[in-house]
Every structure is written in structure tokens, then in C-alpha cells.
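Worth knowing before you read on, the calculation uses all heavy atoms, side chains too, and leaves out hydrogens, waters and symmetry mates. Quick caveat: nothing in here was measured; it's all calculated off a predicted structure.
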Amino acid sequence: MTQLSLACTLTDRTRAVVEGRIKVEGFDIAFTPGEPEDMFRIAMREARYDITEMSMGSHILSVARGDSRYIGVPVFPSRAFRHSAIYIRTDRGIAGPKDLAGRVIGLPEYQQTAAVWVRGVLRDYYGTDLSGITWKVAGERTPIVLPPHIRKESIAEGQTLDAMLAAGEIDAVIAPRPPACFVNGTAPVARLFPDFRSHEEAYFKATGFFPIMHCIAIRRDVAEANPGLPMALFNAFSAAKAHALAEAAMVNVLRVSIPWIASEVAKQTEFMGGDPWPYGFRRNRAEVAAMCGFSAADGLASQAVQPEALFHETTHGV
């Protein structure tokens, strides 16, 4: 049996595969746990793992410039609405999305998928003019070259976005992890959307998008040598996700440490349908196409990318 390495975040949606309770048919998988930032850096710089959880922002970027060492499988282990990821100084007169125009905004990485989604939502959904924004960026997992009209500046060595936001050196931060000055209440910082859930639900209702953050990806040489691997991974992770969703709905003994999880599952099913984490290429093609458009508008994708180019051809029919 072919032995392969897999790096991904341990979640309810991946656990059954990671623990070996659901097998990737025909393959022996050795799992390495990790946090996304570390996994993506390793994937983009070293391509160390045969199979990896992959940032969609970086995946689109590398496919567009023709140096991608991985090919995707339409398994999306991470999705997240990101209205909650915009943190603003409350002393700058920022009352809504359009007030971000012309501001100085911090980002952990310009290519980060969360940032790609936030810029896309601000631009396309709220009509925010992003052209005059200066982006202060902490670093990049892989070098990027942007068009000259996009103002991207690296922060100085020793600086942090949290400290800059707390000191008022920047007007806002877009980040999936809350800044410490927001968590601790040590600076006049708040979310742009305090009632972020209502805005995220409205966005879902208008677009049908539950923003994709990551996919599963196979190093191209491994995919070429094992043509049955993409669908074997798709089937295994789909089964693991179905198992997780079924467990969340069990009420004889709660499998999730949230007292009213059954009520939350019922509300979620009513609002989003029975499968809120859809895998598969055909069902997600429109959303992936939107992401490719966001990447092009951001200056990340150097040429137009079709969704088909991001995923192994054997998975286009699922």
C-alpha cells in the first residue's frame, strides 16, 4: 500500500480521516497536525507534504503565475464568514464599509484568503473604493509582485500589527485572529460590524456563499503517480464530514461541548440547508470563480484563472 504524508488542521470534519476511522482507499496516510500559517508556509516554500491543507488565496496565486506545485481536491476543510475579521479604530470616524476608503489598513499577509474575501466583499458587495487604501503587511509566505497602483508596504522589523493598531499608527486591521488590544480592551478598537452574524447571514442569503478558506491539495508529482488519489481523498473527507455533521445533531449524549447545539443545528439547517459545508467542484464552482475574480482585482492573479485549473481533472464531475 502506498504511504503518503498529510498535513492538515484537526477538526471535527477531518478527525475521522486523521484518526484512521475512515480510510483513504488504497493508501496509508501518515498525519502531521498543524496550524494553517505554518502548513501554508511549508507548502509554498518546501512542498514537504504529499497532501496538504492549502490556502485558496495562495493556491490561486501560484496557479495564475504557473509555479504551483500542488493541485487541488474540492474538499474545503475551512470555511468562515469574515465580516467579524475587520477591526477599526473607533476614533477615526469609520462608521461603515465605505469609510475605509483611503485608510491605512494592516494585514498579516496580502495573499491571505481571509483578506482576499474581505477585499472582495468590501469591493463588490458594499461598493467600497479600495484604490486609495495603503496596506501595511506583516509578511508573505511566498513573494508576490503587485501592480504599481496597489499600495502595499511591509511593516518594519520588530513592529506588530497589534501594536500599530493600539498606537493609532494604522486605522484598521483585517485578520482572522482578533488583535490583542481588542481582546484586552486596551485601545479604542472595535469590530466594523459589531453585529457581524446578521451581516454574514445577509451576505449568505444574497450570494449563497459560505466563504471557502482552504482546500485539500496534492503535490503534482504524487497526483501524477497516483491518479486514483484525488477521488479517494474526496470520498474519505466527504464521509468524515458527514459523520461530523451527524454527531453534531445527536442529543442522547451531546458530542459537542455546546449546551444548545441541537437548537443551533436546527437553526443552521433551516437557514443554510442540511449540508452547510458543501464539498465538490460543481456545487462550488460559482464561489471559486468569484474568488478567482477577487484575486485578479487584488492584483494577485497575474492572469485569469478558471476554477477548473485549480482542481484535479478527475474531480471536476463531483
Flag, side chain of D99 to backbone of A95, donor-acceptor distance under 3.5 Å:
yes

When you group the ILVMFWY residues by side-chain heavy-atom contacts below 4.5 Å and let the links chain together, are I51 and I42 in the same group?
no

For S198 and D195, test the side chains for any donor-to-acceptor distance below 3.5 angstrom and give the result as yes or no.
yes

Tell me, yes or no, whether the heavy-atom count around R282 atom CZ, taken from other residues, nucleotides or ligands under 6.0 Å, exceeds 12.
no

In terms of heavy-atom contacts, does CD of E270 have more than 12 from other residues, nucleotides or ligands at under 6.0 Å?
no

Taking all non-hydrogen atoms of both residues into account, name the closest pair between A166 and A187 and its distance.
CA-CB, 3.8 Å

R177 and E37: CA distance, side-chain angles, deciding distance, salt bridge (charged side-chain N to carboxylate O under 4.0 Å, His left out) verdict
CA-CA 12 Å; R177 300 178 190 271; E37 297 89 343; 2.9 Å; yes

Answer yes when R197 and E264 have at least one side-chain N-carboxylate O distance shorter than 4.0 Å, and no when they do not.
yes

Is it true that D298 and R123 have a side-chain N and a carboxylate O under 4.0 angstrom from each other?
yes

4.5 Å side-chain heavy-atom contact, M54 and M44
yes

In the structure I gave you, are the side-chain heavy atoms of Q112 and P176 within less than 4.5 Å of one another anywhere?
yes

Are E53 and S78 close enough that some pair of their side-chain heavy atoms sits under 4.5 Å apart?
yes

When you look at N226 and F27, which way does the side chain to side chain contact (heavy atoms under 4.5 Å, CB included) test go after all the steps?
CA-CA 10 Å; N226 299 278; F27 299 91; 3.5 Å; yes

Please answer: with hydrophobic residues joined when any side-chain heavy atoms are less than 4.5 Å apart, are V256 and V18 in the same cluster?
no

Take atom CD of E25 as the centre, draw a 6.0 Å sphere, and report whether it contains more than 12 heavy atoms from other residues, nucleotides or ligands.
no

Report yes or no: does S263 contribute a side-chain atom to a donor-acceptor pair with the main-chain N or O of W260 at less than 3.5 Å?
no

Please tell me whether S5 and D50 have a donor and an acceptor in their side chains that are separated by less than 3.5 angstrom.
yes

Kindly give the heavy-atom pair with the smallest separation between R119 and Y110, and that separation in Å.
NH2-O, 2.8 Å

Please check this pair: side chain of H316 against backbone of F311, looking for a donor-acceptor N/O pair closer than 3.5 Å.
yes

Can you find a heavy atom in the side chain of L100 that is under 4.5 Å from one in the side chain of I94?
yes

Hey, mind stepping through F234 and I216 against side chain to side chain contact (heavy atoms under 4.5 Å, CB included) and telling me if it holds?
CA-CA 9 Å; F234 178 81; I216 294 296; over 6 Å; no

Just so I know, are the side chains of P77 and T11 near enough to count as touching, which here means a heavy-atom distance under 4.5 Å?
no

Using modelled atom types and a 3.5 Å cut-off, is there a donor and acceptor pairing between side-chain atoms of R69 and backbone atoms of D67?
no

First locate atom CD of Q111, then atom NZ of K152, and finally report the distance between them rounded to the nearest 0.5 Å.
9.0 Å

Can a side-chain donor-acceptor contact be found between S131 and D129 if the only test is distance below 3.5 angstrom?
yes

Per side chain to side chain donor-acceptor pair (under 3.5 Å), D171 is matched among R89, K136, R92 by R92

Please test V173 against L107 for side chain to side chain contact (heavy atoms under 4.5 Å, CB included), starting from the C-alpha separation and ending with a verdict.
CA-CA 6 Å; V173 163; L107 301 170; over 6 Å; no

To the nearest 0.5 Å, tell me how far M56 CE sits from W117 CH2.
9.5 Å

Within this structure, what is the OG-CD1 distance for the pair S238 and I22, rounded to the nearest 0.5 Å?
9.5 Å

Residues R15, E247: salt bridge by 4.0 Å N-O rule
no

Near-ring test Y70/Y49, centroid separation under 6.0 angstrom
no

Separation of C215 SG from L310 CG (nearest 0.5 Å):
8.0 Å

I'd like to know whether Y126 forms a ring-ring contact (aromatic ring centres under 6.0 Å, His included) with Y203, so could you lay out the CA-CA distance, the side-chain angles of the two residues, the decisive distance to 0.1 Å, and finally the verdict.
CA-CA 10 Å; Y126 290 106; Y203 181 75; 7.9 Å; no

Take R141 and S58 through the test side chain to side chain donor-acceptor pair (under 3.5 Å) and record every step on the way to the result.
CA-CA 9 Å; R141 63 191 65 133; S58 295; 2.8 Å; yes

So, do S55 and H59 sit near enough that their side-chain heavy atoms are less than 4.5 Å apart?
no

Is there a donor-acceptor pair under 3.5 Å between the side chain of T14 and the backbone N or O of T9?
yes

Looking at OG1 of T113 and CD1 of I212, how far apart are the two atoms once the value is rounded to the nearest 0.5 Å?
10.5 Å

Are F76 and W277 close enough that their ring centres sit under 6.0 Å apart?
no

Under 4.5 Å between side-chain heavy atoms, counting indirect links through other Ile/Leu/Val/Met/Phe/Trp/Tyr residues: same cluster for M291 and F281 or not?
yes

Check for a donor-acceptor pair, side chain of E140 on one end and backbone N or O of E109 on the other, with a separation under 3.5 Å.
no

Inter-residue atom distance L146.CG - S302.OG, 0.5 Å rounding
11.0 Å

In the structure I gave you, are the side-chain heavy atoms of I174 and I105 within less than 4.5 Å of one another anywhere?
yes

Is a donor on one side and an acceptor on the other found under 3.5 Å between the side chain of R48 and the backbone of A43?
no

Tell me whether the centres of the aromatic rings in F81 and F210 are closer together than 6.0 Å.
yes

Report yes or no: does N184 contribute a side-chain atom to a donor-acceptor pair with the main-chain N or O of C181 at less than 3.5 Å?
no

Determine the interplanar angle of the F204 and F271 rings, folded into 0 to 90°, and report it as parallel if under 30°, tilted if 30 to 60°, perpendicular if over 60°.
tilted

Using a 4.5 Å cut-off on heavy atoms from C-beta on, say whether the side chain of D124 contacts that of F294.
yes

Step by step, would you call E35 with R41 a salt bridge (charged side-chain N to carboxylate O under 4.0 Å, His left out)?
CA-CA 10 Å; E35 285 299 304; R41 191 176 301 109; over 6 Å; no

So for atom NZ, which belongs to K23, do other residues, nucleotides or ligands contribute more than 12 heavy atoms lying within a distance under 6.0 Å?
no

To check you understand the geometry: which heavy-atom pair defines the closest contact between P278 and K241, and what is its length?
CA-NZ, 3.9 Å

Taking all atoms of both residues into account, what is the closest heavy-atom pair of A190 and T90, and its distance?
CB-CG2, 3.6 Å

Looking only at heavy atoms, what is the nearest atom pair of R151 and I133, with distance?
CB-O, 3.6 Å

Take I60 and L300 through the side chain to side chain contact (heavy atoms under 4.5 Å, CB included) test and state the conclusion after the steps.
CA-CA 8 Å; I60 295 168; L300 284 167; over 6 Å; no

What's the shortest heavy-atom distance between P230 and V73, and which atoms?
O-CG1, 3.7 Å

With clusters defined by side-chain heavy atoms of hydrophobic residues (ILVMFWY) lying less than 4.5 Å apart, directly or transitively, does L130 cluster with L61?
yes

Transitively linked via ILVMFWY side-chain contacts under 4.5 Å: I170 with I88?
no

